[in-house]
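Count residues from 1 along the sequence. In each ligand, atom 1 is the first atom listed, and ligand 1 is the first ligand listed.
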Amino acid sequence: MMRRRIALVAALVAVLVASLAPECAAASAIAPSAIHLSESDFDDRIAMTRADEHCLLEFFAPWCPHCQNFGPTYERIAAFYNKGENWANPTEGHERPQPHVTAMSVDCVANGHLCEHFDVRGYPTVLFGRCGQFAREHKSRHSEKIEKIAANRDAEEMVKRVNDALNAEHELLPQADDQKPPIEDNEGEKKDVKVEDEAPHADLEDIEHATVLAYEQMTSAALLRPTNRDPFVSFVRLMADAHPVAVCKDGAKALMDKIDKTWPERSKPDKDAFDKIRTRLSVHKVCGDGHVGPLVWRQCEGSVEGKRGYTCGLWLLFHSLAARSVVPSSQKNDYAGATWLATVSRWVEHFFPCEDCRVHFITMVNAKDGVGTVATKTDGVLWSWRAHNEVNKRLAEQERRGEAVGSGDPKFPKTQWPTPALCPGCRKEDGEWDEDATAKFLVTYFHGLGAPRPRRGSDGRKGGKGYGTPRVGAGKRGDEASGQPGSAVETVVAFALFGGVGLFGYRATAVPGSAGFRLRRQLARHLRVI
Ligand SMILES: Cc1cc2nc3c(=O)[nH]c(=O)nc-3n(C[C@H](O)[C@H](O)[C@H](O)COP(=O)(O)OP(=O)(O)OC[C@H]3O[C@@H](n4cnc5c(N)ncnc54)[C@H](O)[C@@H]3O)c2cc1C
């Protein structure tokens, strides 16, 4: 028995080790030619640059759709500056444009402190300046010599900006037509489209997973600022009132009970004191100790690694908070929708740093048919549905023009939702929406009634049948079957193996939703069991 367990742990560790190489590659796949920096090597890499060298520094998050779409552009820029690829007017005797510009990248999920240090508030952010200016011990880190360059999709335009700053005339060869993403002329008709399993309710396990990741983001060094207390507390309060998963609702309530102690109102903490507040908040388990998370997304699983996932889960969370929002007993009238929209829009503003997504969302909130039209719970439910369909429409158009190559999942084209198959009564005979019927459908769909409960790790409860791709290892675990506690030797062996790869593996397994991330959780869960 003991041997079997050691073998099992060793096998898991071996799988984890084997997963590291591809994970490293995946983490840098957004722009493989850029030099990827982490908190541990940042200062050394900057110190190694030449005195006259300039740096382009991109800050991104792997889950951020705008970063995924900007990826191919930044890759062209990085290949141009770092390797001299597609250099239209090369200088004899030089392999890459002079003076040297080096394109680098920082993943803000894995390296939150770096992004906090450079005061990055939206992804992707591209900074440009003499490399030495980026050295963290440099006193003038907010010096004007570091310039923000708009991360648009026009690589030639970005090279022009750098040329202007350096008084240089380097030219990037325009992209050949056959390298550009194809434009569809069939108005979005796609072959081999995966038909979404039409479960009659949102997947609670995906909502729980999105909640855990959202909370990780909210308490990360990159995003939590002393000025963010109000949006932070409002969102936790909304979850405490309306979260569809009981453990997350309880976790949010528990945090609300101690919030004034944990993060006193009107406090003006210095950096050290605020770091302590952030640490206290980040160790709180918003969905309880038993959360093991899905090994794969279910409703939100993409057809390839890295697609869908977090942002899909976030939408489900927002819609379900709208559908379950409550009118406090102190309110005579129903302003639940207004409260929901104020809370969610402030959350997006402060904790959803995908720059494009945030700007578009806040524009919708401030539009004529935005915040001023939302009062009741039904208003909120319908507004969130309309806003999401507005995003779907815009992204469908981008997908058709070939502009969403990084973020779009070709097997899940954007549609106006719900489909007639999912809600036959939501459209009238003339094809227009029947908003009363749609509101009823949305409340039922996002309320969570009748949906299988998420699986719990520690108390042995199991969720029901999944509606997405079956989860890896969704069956009964051997450890639960035997119910025997593991020996100290097994635990020591397991920790020795885990520790051996831990340091090396942490960064590669820190990307939410990645295979490495899931393996880390799986291994951590197994170690807890034995
Ligand atoms: C607030 C916010 C703003 C965003 N803005 C952008 C942006 O500007 N640019 C960009 O590239 N990406 C943006 N995204 C990401 C994008 O909307 C998708 O989440 C991502 O492309 C993954 O799409 P998906 O196929 O998983 O489905 P999603 O659009 O994420 O939908 C998730 C699930 O919600 C349900 N659903 C779909 N439509 C509706 C609806 N109208 N009402 C209720 N439920 C619905 C479906 O079951 C679907 O599977 C944003 C995400 C969020 C949360």
Side-chain angles (χ1 to χ4, degrees), residues 61 63-71 122-124 153 190 193-203 206-207 210-211 213-214 217 297-304 306-323 341 343-365 380-399 401 403-419 421-423 426 433 435 438-439 441-447 451 467-468 513:
W63 57 261
C64 154
H66 186 32
C67 307
Q68 292 163 350
N69 290 333
F70 177 61
Y123 308 149
R153 303 229 179 91
K190 307 222 176 184
V193 165
K194 188 169 172 172
V195 179
E196 196 178 338
D197 286 344
E198 304 271 11
H201 38 64
D203 190 293
D206 279 6
I207 294 179
T211 306
L213 295 179
Q217 291 279 299
W297 292 93
R298 301 185 341 163
Q299 181 175 357
C300 291
E301 188 192 9
S303 64
V304 274
K307 303 274 183 189
R308 306 188 74 221
Y310 178 54
T311 57
C312 167
L314 259 189
W315 274 123
L316 299 181
L317 173 63
F318 290 170
H319 293 308
S320 64
L321 291 174
L341 184 53
T343 306
V344 166
S345 58
R346 286 204 301 164
W347 189 90
V348 167
E349 201 177 330
H350 293 275
F351 300 113
F352 192 55
C354 167
E355 189 68 37
D356 252 15
C357 312
R358 174 165 61 192
V359 168
H360 290 136
F361 191 81
I362 299 300
T363 305
M364 289 191 289
V365 172
V381 167
L382 283 172
W383 190 89
S384 76
W385 160 73
R386 270 191 230 107
H388 192 167
N389 266 347
E390 190 61 39
V391 174
N392 292 344
K393 193 168 144 204
R394 188 161 38 77
L395 296 187
E397 187 49 33
Q398 277 185 12
E399 282 170 12
R401 292 197 304 263
E403 290 172 6
V405 272
S407 67
D409 186 331
K411 299 225 167 148
F412 291 88
K414 299 287 182 288
T415 55
Q416 291 300 286
W417 191 93
T419 56
L422 184 57
C423 178
C426 286
W433 291 107
E435 294 212 337
T438 305
F441 165 82
L442 292 169
V443 171
T444 310
Y445 185 90
F446 287 108
H447 214 275
Y467 286 86

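Taking only non-hydrogen atoms, the option from Trp417, Phe318, Trp315, Phe441 nearest to atom 44 (N) of ligand 1 is Trp417. For atom 10 (C) of ligand 1, the choice among Val381, Ile362, Leu395 with the nearest heavy atom turns out to be Leu395. Considering Arg308, Lys414, Lys411, Gln68 only, the shortest heavy-atom separation from atom 21 (O) of ligand 1 involves Lys414. Checking Gly313, Cys300, Pro65 against atom 12 (N) of ligand 1, the nearest heavy atom belongs to Pro65.
Between Glu390 and Arg386 there is no salt bridge, since no side-chain N of the basic residue sits under 4.0 Å from a carboxylate O of the acidic one. Using a 4.0 Å cut-off between charged side-chain N and carboxylate O, Arg358 and Glu355 make a salt bridge.
Checked against side-chain contact (heavy atoms from CB on, under 4.5 Å), Thr343 has the following partners two or more places apart in sequence or in another chain: Ser234, Phe235, Leu238, Thr339.
Between the side chain of Gln416 and the main chain of Asn389, a donor-acceptor pair closer than 3.5 Å is present. No side-chain donor-acceptor contact under 3.5 Å links Lys411 to the backbone of Gly302. No side-chain donor-acceptor contact under 3.5 Å links Arg308 to the backbone of Ser303. Distance alone, capped at 3.5 Å, places no donor-acceptor pair between the Asp203 side chain and the Arg298 backbone.
Contacts with ligand 1 closer than 4.0 Å are made by heavy atoms of both the backbone and the side chain of Cys357. Counting heavy atoms under 4.0 Å from ligand 1, residue Tyr445 touches it through the side chain alone. At a heavy-atom cutoff of 4.0 Å, ligand 1 is contacted by no atom of Lys307, backbone or side chain. By the criterion of a heavy-atom distance under 4.0 Å, the side chain of Phe361, and not its backbone, is placed next to ligand 1. Under 4.0 Å from ligand 1, not a single heavy atom of Trp347 appears. At a heavy-atom cutoff of 4.0 Å, ligand 1 is contacted by the side chain of Arg394 but not by its backbone. Within the 4.0 Å heavy-atom criterion, the part of Leu316 lying near ligand 1 is the side chain and not the backbone. With a 4.0 Å cut-off on non-hydrogen atoms, Val391 touches ligand 1 through its side chain and not its backbone. Contact annotation for His388 and ligand 1: heavy atoms of both the backbone and the side chain come within less than 4.0 Å of the ligand.
Side-chain rings of Trp385 and Trp433 approach one another, their centers coming within less than 6.0 Å. Annotation: Phe441 is in aromatic contact with Trp417 [ring centroid separation under 6.0 Å]. Residues Phe318 and Trp383 keep their aromatic ring centres 6.0 Å or farther apart. Here Trp63 and Phe352 bring their ring centres to under 6.0 angstrom of each other.
An N or O contact shorter than 3.5 Å is missing between His66 and ligand 1 by distance. Polar contact with ligand 1: present for Gln299 (N/O pair, distance under 3.5 Å).
In summary, the atoms of ligand 1 found under 4.0 Å from a heavy atom of Asn392, numbered by their order in the structure, are 29 (O), 37 (C), 38 (N). Within the listing of ligand 1, atoms 42 (N), 43 (C), 44 (N) sit less than 4.0 angstrom from a heavy atom of His319. Near His360, meaning under 4.0 Å from any of its heavy atoms, are these atoms of ligand 1: 8 (O). The contact set between ligand 1 and Thr311, taken as ligand atoms under 4.0 Å from a residue heavy atom, comprises 15 (C), 18 (C), 19 (O), 20 (C), 22 (C), 53 (C).
Here the CE-OG distance, from Met364 to Ser384, works out to 10.5 Å after rounding to the nearest 0.5 Å.
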